[in-house]
Amino acid sequence: MNIIEQTVVPKSPSRRSEDGIVVSPDFVAVIDGSTSKSRQRCHRDLSLRRHSNGELAMLIISDFIRHMPKGTTCHQFCTGASAAIRSRYKKSLLDHLSEHAEDRLTASCVVFSRLRREIWMIGDCQALSIPLPPTHGPSAAISGERADAPTPSYYDNPKPYEQELAQMRANIIRQSPQPWDHFLTDDTARQAIIPRMLETMRQQNKTYSVIDGFPVDERHVRIITLDFQPWQLVLASDGYPFLCPTLAESEDRLAAQLKNDPLNIGLAFVATKAFAAGNNSFDDRAYIRFDI
């Protein structure tokens with residue numbers, strides 16, 4: 001595997017990212033820790049209180065991936081990463097957590113296995129696969145704007161209800177008597193949909209999959225198998241509204257979204273949150289591109 005470019009950027013300059021990237025000899029992964037919708041701290045190690053729930057979930061899963069045997073299957077990853085999260089919970093809270101998914105350490109992730117030539121998608125994440133000519137060089141660049149560029153295949157694994165909730169928020173803003181700029185500093189429309197978001201989180205590992213310390217519903221895990229021709233792959237979190245074959249293109253599309261629709265309520269892209277004032281994006285973001 002040849003890593004071409006990668007980045008992790010927190011949405012706020014004053015906070016650490018809940019997204020992360022792992023590169024080992026046998027695996028490449030992007031992990032997207034879920035921003036907590038609750039103030040409940042469920043882990044037993046008081047020294048980790050400086051980490052948010054989402055960041056801690058990302059760090060635990062990252063460490064698990066770094067130590068995975070090269071032959072690990074997707075099922076073994078789901079089982080092992082979930083057990084790693086569960087081992088950090090206070091035992092006294094396990095019954096509570098079984099009923100309140102919003103309080104769990106939760107993350108989505110996309111993982112590439114070199115040995116199995118598979119991409120595993122658990123939760124809301126993104127990937128591109130781009131076929132390469134057999135004679136491509138190790139630093140070959142792919143540009144979606146080149147006339148002869150191969151067509152990327154796009155993969156995602158979105159959460160159900162996410163678009164419905166995003167449209168609810170957009171409708172609240174459009175119908176509000178408040179000036180739209182108000183929602184960039186005080187997104188009361190997002191606050192209005194939080195109760196519905198908490199309701200949908202109770203469907204974790206029932207109608208969609210995540211890593212959260214409880215059994216992963218593998219019916220909702222997506223596996224993409226690649227043949228043995230040369231490929232260029234992009235793995236990313238959902239912090240990129242438009243995933244492109246290069247980091248520069250993806251960042252340019254993100255910047256255009258910020259300029260044209262900072263509330264994220266337009267036709268091109270709709271989200272459950274805006275580009276809040278003082279932040280550089282609406283969400284943490286992670287991106288890695290590599291050849292196999």
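Here Asn264 contributes atom CG and Arg190 contributes atom CZ; the two are 11.0 Å apart, rounded to the nearest 0.5 Å. For the atom pair CG of Leu128 and CG of Asp156, the computed distance is 10.5 Å after rounding to the nearest 0.5 Å. To the nearest 0.5 angstrom, Glu18 atom CD is 14.5 Å from Arg285 atom CZ. Here the straight-line distance linking atom CE of Met68 with atom OG of Ser24 works out to 7.0 Å at 0.5 Å rounding. Here the OG-CG distance, from Ser237 to Asp284, works out to 7.5 Å after rounding to the nearest 0.5 Å. Here the straight-line distance linking atom CD1 of Ile3 with atom CG of Leu233 works out to 9.5 Å at 0.5 Å rounding.
Within a 6.0 Å radius of CG in Asp95, other residues, nucleotides and ligands contribute 12 heavy atoms or fewer. In the displayed structure, Arg114 atom CZ is contacted under 6.0 Å by more than 12 heavy atoms of other residues, nucleotides or ligands. Surrounding CD of Gln229 are more than 12 heavy atoms belonging to other residues, nucleotides or ligands, all under 6.0 Å away.
Taking each heavy atom of Thr272 and Arg169 in turn, the nearest pair found is O-CD, 3.2 Å. Listed here is the closest heavy atom pair of Leu254 and Pro241: CD1-CD, 3.5 Å.
Aromatic ring pairs are classed by plane angle as parallel below 30°, tilted from 30° to 60° and perpendicular above 60°; the pair Phe282 and Phe275 is perpendicular. Using the six-membered ring where Trp is involved, Tyr240 and Tyr287 have ring planes that are perpendicular, over 60° apart on the 30 and 60° scheme.
Ion pair Glu164/Arg196 flagged as a salt bridge, since at least one NZ, NE, NH1 or NH2 atom sits closer than 4.0 Å to an Asp/Glu carboxylate oxygen. Salt bridge status for Lys273 with Asp187: absent, with no side-chain N to carboxylate O gap under 4.0 Å. Asp124 has no carboxylate O lying under 4.0 Å from a charged side-chain N of Lys159, or vice versa, which leaves the two without a salt bridge. With respect to Lys70 and Asp26, no salt bridge is recorded, no charged nitrogen being found less than 4.0 Å from a carboxylate O.
Remark: the backbone N or O of His220 is paired with a side-chain donor or acceptor of Asn157 at under 3.5 angstrom. At least one donor-acceptor pair closer than 3.5 Å links the side chain of Ser82 to the backbone N or O of Phe214.
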Exercise. Are Phe112 and Phe290 close enough, and set up right, to give a ring pair (Phe, Tyr, Trp, His ring centres under 6.0 Å), and what steps lead you there?
Worked result: CA-CA 11 Å; Phe112 172 71; Phe290 56 102; 5.7 Å; yes
